[in-house]
2 protein chains.
Amino acid sequence: MTTSEWEIMRVIWTLGEATSRQIIRVIGLKTDWSPSTIKTLITRLKNKNYLTDNGAARDRLYTPTIAEQDAMTDTLHQTINSMCAMCVGDAITTVIASTTLSQHDILHLQDTLTQRLPAAPETVACDCMPDNWED
Amino acid sequence: MTTSEWEIMRVIWTLGEATSRQIIRVIGLKTDWSPSTIKTLITRLKNKNYLTDNGAARDRLYTPTIAEQDAMTDTLHQTINSMCAMCVGDAITTVIASTTLSQHDILHLQDTLTQRLPAAPETVACDCMPDNWED
DNA sequence: TTTATAAGTCTACAAATGTAAACTATAAGT
DNA sequence: ACTTATAGTTTACATTTGTAGACTTATAAA
């Protein structure tokens, strides 16, 4: 899913399901994308199977095939997995330091971390290079 | 920076500076990219100003213009900022639960979270839609 | 019933990205 | 000095992405 497609998905995720009219209206409030552009994006999301529709000839309802949480988790996962395992903890810490989290989120996160601490390794090796790169 | 370009950067970041020969060799160990492809990627990274070189006519040394930590932080930041503010805490928690972090990382992260807790809001509103979308 | 509005489809086109062959020039070895 | 291996440059081409006009058709209004 590209960044523009992601924007479209966010409104559909929030509405649960939506017509192109609704999407065009809401997206139009925060971008200057033409209705045509938004229609193209919807079509592409359908082709990529991120959206289904109820088949109506008009005022068709589009529904996500993937939950927002899942999409978010997958995306984050990919981003993090593409980064140096040794450095990623630091990056996460830095970013979290400037991300607004609710009290509940923070407590939940702390809880998760506490659980992981016992089994956590002393250090994590850099994985930017294949193991045998020095041969 | 695209994902393939990112792979190139990772080896240069790790080596500090590198010749195309080194990059081609190391990348060749983990991908089947042709030397040509890797050269193209290096050129594009130079054009995008992510790399400089020492100007030698041959065996030129390429150096990153951005630190790995900064690039990682920026990338993560962008990813997170493109997501629903209300849901992102949950996604981060889920992903962290399956990411290997060192003991030190965990402690540092917990420390950061503890510091943020007092000022943390009770809840974070969804920002997927513009504020006035219901008008 | 005719008509206009707009939902949905097709077509378009530039820029970015993945992928790589061909060409040029340079340094090292003979 | 000549050859050769190869580093660096050019050119190439398909696919994806950003962006949107044009066209077709279905429905609500007149």
Side-chain angles (χ1 to χ4, degrees), chain A residues 1-12 15 17-66 71 74-75 78-79 81-82, chain B residues 1-12 15 17-66 71 74-75 78-79 81-82:
Chain A
M1 212 177 311
T2 70
T3 44
S4 354
E5 286 165 0
W6 188 269
E7 285 306 309
I8 305 292
M9 289 302 289
R10 286 181 75 179
V11 356
I12 309 178
L15 295 174
E17 59 182 10
T19 62
S20 63
R21 186 210 314 279
Q22 291 177 289
I23 301 167
I24 288 169
R25 185 173 164 294
V26 174
I27 292 283
L29 293 174
K30 72 157 99 177
T31 72
D32 59 353
W33 301 350
S34 76
S36 257
T37 297
I38 298 171
K39 289 179 197 173
T40 300
L41 260 9
I42 293 172
T43 300
R44 290 184 183 164
L45 283 164
K46 254 183 46 180
N47 291 338
K48 293 181 182 179
N49 289 308
Y50 289 120
L51 288 180
T52 4
D53 65 73
N54 67 354
R58 252 183 102 92
D59 303 301
R60 190 176 298 171
L61 279 171
Y62 297 96
T63 317
T65 59
I66 182 176
D74 289 354
T75 301
Q78 275 189 190
T79 302
N81 277 334
S82 74
Chain B
M1 211 177 314
T2 71
T3 44
S4 354
E5 287 165 357
W6 188 268
E7 285 307 311
I8 305 292
M9 289 303 288
R10 287 182 74 179
V11 357
I12 310 179
L15 295 175
E17 59 182 10
T19 62
S20 64
R21 187 211 313 280
Q22 290 177 292
I23 301 168
I24 287 170
R25 185 174 164 292
V26 174
I27 291 284
L29 292 174
K30 73 158 99 176
T31 73
D32 60 352
W33 301 350
S34 77
S36 258
T37 299
I38 297 171
K39 290 179 196 174
T40 301
L41 260 10
I42 292 172
T43 301
R44 289 185 183 162
L45 284 165
K46 255 184 45 181
N47 291 337
K48 293 180 182 181
N49 289 308
Y50 288 119
L51 288 179
T52 7
D53 64 72
N54 68 354
R58 254 181 102 93
D59 302 302
R60 190 176 298 171
L61 280 171
Y62 297 96
T63 317
T65 59
I66 181 176
D74 289 355
T75 300
Q78 274 187 191
T79 302
N81 276 335
S82 74

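Below, chains carry the letters A, B, ... as their sequence lines are ordered, and counting in each starts from 1. These values consider heavy atoms only, across backbone and side chains, with no hydrogens, waters or symmetry-generated copies.
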### Query
Hey, does the side chain of B:T37 come within less than 4.0 Å of C:dA20's phosphate (OP1/OP2), counting only N and O?
yes

### A:M1 vs A:S36, nearer the 5' end of DNA chain D by closest nucleotide
A:M1

### Query
To the nearest Å, how far apart are A:I38 CD1 and D:dA20 P?
9 Å

### Query
Rounded to the nearest Å, what distance is computed from the CD atom of residue B:E7 to the P atom of nucleotide C:dT17?
16 Å

### Query
To the nearest angstrom, how far is B:W33 atom CH2 from C:dA20 atom P?
10 Å

### d(CD1, B:I24; P, D:dT6) in whole Å
11 Å

#### Entry: Side chains of A:K39 and A:I23 in contact at under 4.5 Å (non-hydrogen atoms)
no

### Query
Do the non-hydrogen side-chain atoms of B:L61 and B:T19 ever get within less than 4.5 Å of each other?
yes

### Message
Regarding A:T2, tell me which of base, sugar-phosphate or nothing describes its non-hydrogen contacts under 4.0 Å with the strands shown.
### Response
sugar-phosphate

### Query
Does D:dT17 have OP1 or OP2 sitting under 4.0 Å from an N or O in the side chain of A:K48?
yes

## Note on the structure
Rounded to whole Å, CG of A:N47 lies from P of D:dT16 at a distance of 11 Å

### Query
Do B:L41 and B:I27 come close enough that some side-chain heavy atom pair is under 4.5 Å?
no

## Note on the structure
Partner of C:dT30 under the Watson-Crick or G-U wobble criteria, both distances under 3.5 Å, comes out as D:dA1

### Query
CG of B:L41 versus P of D:dA7: gap in Å, rounded?
17 Å

### Task
Answer with base, sugar-phosphate or nothing: what part of the nucleic acid does A:T40 contact at a heavy-atom distance below 4.0 Å?
base

### Query
Pick the nucleotide of DNA chain D nearest each of A:D59 and A:E5; which residue has the one closer to the 5' end?
A:E5

### Task
Classify the nucleic acid contact of B:R44 as base, sugar-phosphate or nothing, counting any heavy atom under 4.0 Å across all strands shown.
base

### Task
Could you check how far CZ of A:R60 sits from C1' of D:dT27, rounded to whole Å?
14 Å

### Task
Round to the nearest Å and state the distance from B:I42 atom CD1 to D:dG8 atom C1'.
10 Å

### Summary
Ranking D:dG18, D:dT27, D:dG8 by distance to the side chain of A:T3, first place goes to D:dG18

### Message
Is it the case that the base of C:dA7 and the side chain of A:R58 share a donor-acceptor contact (distance under 3.5 Å, atom types as modelled)?
### Response
no

